[in-house]
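Written below as structure tokens is the structure these notes are about.
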Amino acid sequence: MSQDRPRYWLIKSEPDEYGWDDLVAEGEGLWEGVRNHSAKLNLQAMEVGDQCFFYHSREGLEIVGIAEVSVAGIGDPTDDTGKWAAVKVKPLRKLDNPVTLKQIKAEPRLVDCELVRMSRLSVAKITPEEWDIICAMAQGG
DNA sequence: GCCAACGTTGGC
DNA sequence: GCCAACGTTGGC
């Protein structure tokens, strides 16, 4: 239907290793180290301008901000075989109110989202509908 | 090509 | 720190 919207994703990171604040401090972050085929396919489908929820896993368990894909379709420099993908992202804005995994699981319209269905996927797809719901929750208070 | 064993990830 | 879910590997 409406193809005039960017694609939406959710990228996970452990704040201990590389959190939202680290991304903001750097200005632009290389998203590499993904070694899962489903996640790789998502990475390869990303285009410049796509928007990503930035999710803190293990610690925090919440979406803390929105990042934008600044460079797409690059190979993972930490990989010698050349078969893994990476992208670069820039911080766009921090959420007014972080949206926790608990909130997401409590929202009936979000129980089917990739984040909930495949909890171990580090790069998940978000539909425009899911994006809008989560954005509303982030503004909700 | 199938299935069991193992390792890793992530929520609790 | 523990356990469940998923992916990958290796034997047959």
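Only heavy atoms go into these numbers, but all of them, side chains included; no hydrogens, no water, no symmetry mates. Bear in mind that the values here come from a model prediction, so they are computed numbers and not experimental data. Per chain, numbering begins at 1; letters A, B, ... match sequence-line order.
If you take NZ of A/Lys12 and C1' of C/dC6, they are 11 Å apart, rounded to a whole angstrom. Atom C1' of nucleotide B/dT9 and atom NE2 of A/His37 are separated by 16 Å, given to the nearest angstrom. Between the CD1 atom of A/Ile104 and the P atom of B/dG10 there is a distance of 15 Å, rounded to whole Å. Look at CZ on A/Arg120: it is 8 Å from C1' on B/dG10, rounded to the nearest Å. Atom-to-atom, CG of A/Leu115 to P of C/dA5 comes out at 16 Å; the value is rounded to the nearest Å. Following rounding to the nearest Å, A/Lys40 (NZ) and C/dT8 (P) show an atom-to-atom distance of 10 Å. Atom CG in A/Asn36 sits about 13 Å away from atom C1' in C/dA5, given to the nearest Å.
Residues A/Asp50 and A/Trp9 bring a donor and an acceptor atom of their side chains to less than 3.5 Å of each other.
Aromatic ring pairs are classed by plane angle as parallel below 30°, tilted from 30° to 60° and perpendicular above 60°; the pair A/Tyr8 and A/Trp131 is parallel.
Interface remark: the A/Arg58 side chain does not form any donor-acceptor pair with the B/dT9 base, using a distance-only criterion of under 3.5 Å.
Across all strands, A/Lys102 comes closer than 4.0 Å to no nucleic acid atom at all (heavy-atom distances). Contacts of A/Leu121 with the nucleic acid, taken as non-hydrogen atoms under 4.0 Å apart, are absent.
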Pairs under 3.5 angstrom only: tabulate donor-acceptor contacts from the side chains of residues 55-71 of chain A to other protein residues two or more places apart or in another chain.
{"unit_1": "A/His56", "atom_1": "NE2", "unit_2": "A/Trp20", "atom_2": "N", "d": "3.0"}
{"unit_1": "A/Ser70", "atom_1": "OG", "unit_2": "A/Glu28", "atom_2": "OE2", "d": "2.6"}
{"unit_1": "A/Ser70", "atom_1": "OG", "unit_2": "A/Lys88", "atom_2": "O", "d": "3.2"}

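Nearest-nucleotide assignment on DNA chain C puts the 5′-proximal partner with A/Ser119, out of A/Ser119 and A/Arg35.
Minimum atom distance to the side chain of A/Lys105 is reached by B/dC12, of the listed B/dG10, C/dG7, B/dC12.
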